[in-house]
Protein chains: 2
Amino acid sequence: MSEVQMAAKRHAPEKEGDERHETIYRVVSDAIVEQRLKPGARLREDALAEVFNISRTGIRKILQRLALEQLVTLTPRRGASVTRPTAEEAKDVFDARQLIECGLMPDVARRIGEKEAAELRDMARQERQALRSGQQSIAIRLSADFHVRLAQLSGNATLAEFVERLCSRSSLILAVYGHRGHLGCESHDHDDLIGYLEAGNGERAKAFMSRHLKAIEASLSMVEGEDNVPDLQDIFGS
Amino acid sequence: MSEVQMAAKRHAPEKEGDERHETIYRVVSDAIVEQRLKPGARLREDALAEVFNISRTGIRKILQRLALEQLVTLTPRRGASVTRPTAEEAKDVFDARQLIECGLMPDVARRIGEKEAAELRDMARQERQALRSGQQSIAIRLSADFHVRLAQLSGNATLAEFVERLCSRSSLILAVYGHRGHLGCESHDHDDLIGYLEAGNGERAKAFMSRHLKAIEASLSMVEGEDNVPDLQDIFGS
DNA sequence: TAGGCTAATCATGTATACAATATTAAAGGC
DNA sequence: GCCTTTAATATTGTATACATGATTAGCCTA
């Protein structure tokens, strides 16, 4: 039984209509973000429909949403597959995170309270724990969740949603260009960040976030991978 | 014959498959951005399906995309309607534009060339012309197009896409909270902006864009409109 | 045996039929 | 006469059937 199937059985008992779709969406989305579904993996409609016990109609709706979020790539008449980000897309995503996430830090510093700081610390703790116990997939998602929660604290739902999409895509980027074992965020960075925010030092937090993101990006090795159809014309000249 | 119908006949002869959907998407999207379809307008699936001569299946796909872009609101079992942005959403959208569009100006100033500047000037010219000849709908869309094109020149496709969505939503916001006759962008602002960019003065352009966006936002009257279901309990006390 | 052609299989694109639910109109009671 | 209840209508939700186009396997030929 596949990971996705197990996740389906775990998460989707008998909910009604929309709940069901939302649940399935999240299960698939999580599987991608957690890198259990790797870039390039094909997502056949029939297969998914059978796993989740709904018709292809519902699956298509979910695949379309994932495609608009650029987690899956929809090729006409060829179906869906987990997106394999290009080097250029990777650069765009991290530049976008620099601009948006750093820009939000002052707002977050202004609005954060005791309760929110505690919640963030708990998330950071869970993340470290997942790392220690070797659950890398879980750690990756928790790390993304942390960045998203942070953005939500800014109070701007629109920008938080953008950050959510950027973090999901970052996970894909790490899967393709990251080194094994290294999952981006350093273990204690997030805790340090919470400290600056709680102290109300927005500018310091902003600078720290900038270094944090640069560090992640620097840890990538930007070689476009294996299955890019080798262009023989390029290789052998004319 | 409705505006949408005419647009459909004009734009959608016999293309094949995906082209067709893309065309229909754009026709509906444009109708919303140009405020020919006003916030709150219901979009019944059957009606759209008939207008565009496709089945509801295709229409649902398009409505879903529009919903994810927050141009239409999908209420379960109640169908689709053009989104009526709340005051809070309006604030979020303009704050997001401040952060992103202003942040992109230095990049744009660095990358803009003669050809690009000429293209932008042409767009600004078309916009003024539309305004002068009383085609407010067209002017609104051209104004949004200008901002989007600008963002594209930054070279960051991801951020450009975000700006695209923000501009579409801004059009909706103007439709709800804007004053009649005033369509946001001052006629010559865009030309001034091109000047700073062409001179390579990114910081100046950034500051100007900031003022430009603030001016638009300031021109709104943020009273939540008419059809918010009147809460009789509130009005008459208990 | 390698290359290319053909046929069979498989997957996606699209429409339609049917079921479930919301809206509207009508009728009846207070 | 107005409000409530009930039936009719209209609209969305879901599955399925069929058509179209890709992929693969097998076969034939050179």
Side-chain angles (χ1 to χ4, degrees), chain A residues 2 4-5 8 12-28 37 40-68 71-83 227 229 232, chain B residues 2 4-5 8 12-28 37 40-68 71-83 227-233 235-236:
Chain A
S2 77
V4 174
Q5 268 178 319
E14 270 104 40
K15 309 211 176 178
E16 54 157 75
D18 287 322
E19 288 286 331
R20 204 163 148 64
H21 282 52
E22 184 65 23
T23 303
I24 296 173
Y25 161 77
R26 200 175 332 245
V27 169
V28 177
L37 282 173
R42 292 205 53 192
L43 302 170
R44 289 203 334 285
E45 296 181 353
D46 282 339
L48 290 170
E50 193 181 2
V51 166
F52 293 107
N53 269 316
I54 62 174
S55 76
R56 279 176 50 221
T57 310
I59 291 297
R60 289 179 67 93
K61 182 171 145 189
I62 288 160
L63 286 177
Q64 263 189 2
R65 175 169 171 191
L66 290 166
L68 287 171
L71 291 187
V72 317
T73 300
L74 241 42
T75 314
R77 309 202 180 277
R78 298 275 322 267
S81 60
V82 178
T83 299
D227 95 355
V229 187
L232 302 178
Chain B
S2 77
V4 174
Q5 268 178 320
E14 269 103 40
K15 310 212 174 175
E16 55 156 71
D18 286 322
E19 289 285 331
R20 203 164 149 62
H21 282 52
E22 186 63 24
T23 303
I24 296 174
Y25 161 78
R26 199 174 336 241
V27 170
V28 178
L37 281 172
R42 293 204 54 192
L43 301 171
R44 288 200 336 286
E45 296 180 353
D46 281 337
L48 289 171
E50 194 182 1
V51 165
F52 293 106
N53 268 317
I54 62 175
S55 77
R56 279 175 48 218
T57 311
I59 291 297
R60 288 178 69 91
K61 183 171 144 192
I62 288 159
L63 285 177
Q64 246 189 341
R65 177 168 170 194
L66 290 165
L68 286 170
L71 290 188
V72 316
T73 300
L74 240 43
T75 314
R77 312 207 176 273
R78 298 276 320 267
S81 60
V82 178
T83 299
D227 97 353
N228 275 358
V229 186
D231 187 340
L232 301 178
Q233 198 70 4
I235 296 174
F236 297 118

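First the proteins, then the strands, lettered A, B, ... as listed; each starts at 1.
Summarising the geometry, the separation between CD on E45(A) and P on dT16(D) is reported as 15 Å, rounded to the nearest angstrom. Whole-Å rounding puts the L43(A) CG to dA11(C) C1' distance at 13 Å. The separation between L74(B) atom CG and dA22(C) atom P is 15 Å, rounded to whole Å. Following rounding to the nearest Å, K61(B) (NZ) and dT14(C) (P) show an atom-to-atom distance of 6 Å. Nucleotide dT14(D) holds its P atom 12 Å from the CD atom of E19(A), rounded to whole Å. Between the C1' atom of dG13(D) and the CD1 atom of I62(A) lies a distance of 14 Å, rounded to the nearest Å. Taking atom CZ on R20(B) and atom C1' on dG13(C), their separation rounds to 13 Å, with Å as the unit. Taking atom CD1 on I54(B) and atom C1' on dT16(C), their separation rounds to 14 Å, with Å as the unit.
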Table of protein N/O atoms under 3.5 Å from nucleotides 20-25 of chain D N/O atoms:
| from | atom 1 | to | atom 2 | distance (Å) |
| --- | --- | --- | --- | --- |
| dT23(D) | OP1 | R78(A) | NE | 2.3 |
| dT23(D) | OP1 | R78(A) | NH1 | 2.9 |
| dT23(D) | OP1 | R78(A) | NH2 | 3.3 |

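Looking at R56(B), its side chain comes within 3.5 Å of the base of dG13(D) through a donor and an acceptor atom.
If you find the closest nucleotide of DNA chain D to T57(B) and to A80(B), the one lying nearer the 5' end belongs to A80(B). In terms of position along DNA chain D, the nucleotide closest to G79(B) lies nearer the 5' end than the nucleotide closest to the other residue of the pair G79(B) and G58(A).
Residues satisfying the side-chain hydrogen bond (donor to acceptor under 3.5 Å, both in side chains) test with T73(B), not counting sequence neighbours, are T83(B). For the side chain to side chain contact (heavy atoms under 4.5 Å, CB included) test, residues two or more places apart in sequence or in another chain that qualify with R56(A) are E45(A), D46(A), A49(A), R60(A). By the side chain to side chain contact (heavy atoms under 4.5 Å, CB included) test, R44(A) pairs with R42(A), A47(A), sequence neighbours left out.
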> How would nucleotides 5-10 of chain D be written as a contact map, 5' to 3', with B for base contact, S for sugar-phosphate-only contact and - for no contact, using protein heavy atoms under 4.0 Å?
Replying inline: ------
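Taking NZ of K61(B) as the reference point, atom NE2 of H21(B) lies at 4.0 Å (rounded to 0.5 Å). L68(B) contributes atom CG, which lies 5.5 Å from atom CG of L68(A) (distance to the nearest 0.5 angstrom).
Nearest heavy atom pair, residue V72(A) against residue L63(A), reads CG2-O, 3.6 Å. Minimum interatomic distance between G40(B) and S81(B) (heavy atoms only, all atoms of both residues): O-CB, 3.9 Å. When every heavy atom of Y25(B) is checked against every heavy atom of R65(B), the shortest pair comes out as CE2-NH2, 3.3 Å.
F52(B) places a side-chain heavy atom less than 4.5 Å from the side chain of V27(B).
Nearest nucleotide to the side chain of D46(B), out of dA11(C), dT12(D), dT14(D): dT12(D).
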